[in-house]
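Note: hydrogens, waters and symmetry copies are ignored here, and every other heavy atom, side chains too, is used. Quick caveat, the model's predicted, so the values are computed rather than measured.
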Number of protein chains: 2
Amino acid sequence: MPRDGSATRERILETAERLVIDNGFAATSVDRVIAESHSSKGSFFHHFASKNDLARALVERYAAADVAHLHAALEHARAATDDPAKRVVAFLSYFENDADAIMSAQSSCLYVSILTERDLVLDGTSGQIEEAVVAWRDGFAELLRAALPGRTPAGVDIDVDALSDHVFVTFEGAFLLCRSTGDSGHMHRQLTVLRHLMEALLGAVAATPPRRRRAGTPSRH
Amino acid sequence: MPRDGSATRERILETAERLVIDNGFAATSVDRVIAESHSSKGSFFHHFASKNDLARALVERYAAADVAHLHAALEHARAATDDPAKRVVAFLSYFENDADAIMSAQSSCLYVSILTERDLVLDGTSGQIEEAVVAWRDGFAELLRAALPGRTPAGVDIDVDALSDHVFVTFEGAFLLCRSTGDSGHMHRQLTVLRHLMEALLGAVAATPPRRRRAGTPSRH
DNA sequence: CTTGTATCAGACTGTTTGGTCTGATACAAA
DNA sequence: TTTGTATCAGACCAAACAGTCTGATACAAG
């Protein structure tokens, strides 16, 4: 009894997302997605041209929600304070507070499942994941640059992009740590560690003897 | 012409490791492993009871090499200096120097490929990965505890185990970052970031006004 | 009512899969 | 030489797989 239309598509996507995150994409058969979403072959291949097209749709959906989550955290941080360093901490605390909710909603990250299958990655889903990665890098790097105007106390240049990427890295690594031990509490603890480390770095920069910004510090380039 | 014996087994393992890391375990067929290792069905199922048995053997091999790598870094750090803080940095620098070699030898980490397939994880390979994770945690935590005798300057207790896990987390997250962008240089940059962050934390602790160690600091427990 | 279209159901198909089975080959021990 | 065993080769099989096809149902437009 076909009634509503695209609600079926959404039901298939939700079921498939869970199965792919839990078991991987190649290990998730179309038949099982159909069975667990109470759909049918005809329905599935009406909404998706192929199994790979499902992967594309899954990544599109997931990446959109992911980037939305990022922007929510950025807005939260900007609204919380005007102090650049405190904004950085507020940004990280936002995810720290969300950690347990994230882990109860999903056992791992879809990116992990998709990125492990290189064939799919080359098919066009890769671009969407990379766009999300770049969004995270740029979004947090903007906060970081405001809080890290100069050099670290040790006189070492910090690669702000790489430092910003470390948030993404911590998320993905923590997802794997949770899975390898079966303890989803690692996500919260790793985000706490990330905040502590970042606070230490910001504290070290703040404690640096005031150098003149944008002045004649000997450049290496 | 059967000549040497277990060299075939090793050839199959090497081929399978590469294929599984590149494409995932479920997406790697036994037929392809056979073809690319110039072996045969009879040979494969003589050395491995099933495809899952191959997974078990792969993880066993990989985890052993992984833990050996850890112990090499620990010995390097202990031999390098007696200063606890410098030992921590030496440990991290060891991997930083190895980053490019690691990435040219393998495009990602076998753990990622195995952990994404939950069915396999429950089969018995999971224990070996978890043992490796615990080895990393305990190994680095010992160095950390020597260098972090007290509290951080902010008066916040650091979870040393979680801080130690962050090395594993950084590795796994960096592997995924490399894959999502196709840039293997991220591994080196992320390990550099990890070292910078850890140095800042150690510096912050060192700059803490000298509290009496093991004395009557108000305990929370 | 008629027609068109979007949605769905499920039987069906050709291919790929993990795994089995029958032998063949090399070699060591007797 | 004879026997036994470890190793390998590849034909073969049943199950699972992604994808196709025919048709049914609902509903909106005319």
| query | How long is the line joining CG of B:Leu19 and P of C:dT17, in whole Å? | reply | 12 Å
| said: Can you confirm whether the side chains of B:Gln106 and B:Tyr62 place a donor and an acceptor under 3.5 Å from each other? | reply: yes
| field | d(CZ, B:Arg11; C1', D:dC8) in whole Å | value | 11 Å
| field | Rounded distance in Å - CD1 (A:Ile12) to P (C:dT7) | value | 11 Å
| query | Between C:dT13 atom C1' and A:Asp31 atom CG, what is the distance in whole Å? | reply | 13 Å
| request: Compute whether any side-chain donor of one residue and acceptor of the other, for B:Glu96 and B:His188, lie under 3.5 angstrom apart. | output: no
| Would B:Ser107 and B:Asp22 count as having a side-chain donor-acceptor pair, cut-off 3.5 Å? | yes
| query | Ring centres of A:His186 and A:Phe175 under 6.0 Å apart? | reply | no
| query | Side chain of B:Thr8: nearest nucleotide among C:dC8, D:dC8, D:dT7? | reply | D:dC8
| said: Between B:Asp165 and A:Arg189, does any NZ, NE, NH1 or NH2 come within less than 4.0 Å of an OD or OE carboxylate oxygen? | reply: no
| query | Where along residues 32-45 of chain B does a heavy atom fall under 4.0 Å from DNA chain D? | reply | B:Ser39, B:Ser40, B:Lys41, B:Gly42, B:Ser43
| request: Considering just the side-chain nitrogens and oxygens of A:His46, establish if one lies under 4.0 Å of OP1 or OP2 belonging to C:dC8. | output: no
| remark: Numerically ordered, the residues 50-61 of chain B set in heavy-atom contact under 4.0 Å with DNA chain C is B:Ser50, B:Lys51
| query | To the nearest Å, how far apart are A:Glu10 CD and C:dT7 P? | reply | 14 Å
| Less than 6.0 Å separating the ring centroids of B:His166 and A:His196? | no
| query | Does the pair A:Arg18/A:Glu14 count as a salt bridge with the N-to-O cut at 4.0 Å? | reply | no
| B:His47 side chain near D:dC8 phosphate (N/O to OP1/OP2, under 4.0 Å) | yes
| field | Salt bridge flag under 4.0 Å for residues A:Arg61 and A:Asp66 | value | no
| Taking CG from A:Asn23 and P from D:dA16, how many angstroms apart are they, rounded to a whole number? | 16 Å
| message | Quick test of your reading of the model: are A:Glu142 and A:Arg78 salt-bridged, counting only N-O distances below 4.0 Å? | response | yes
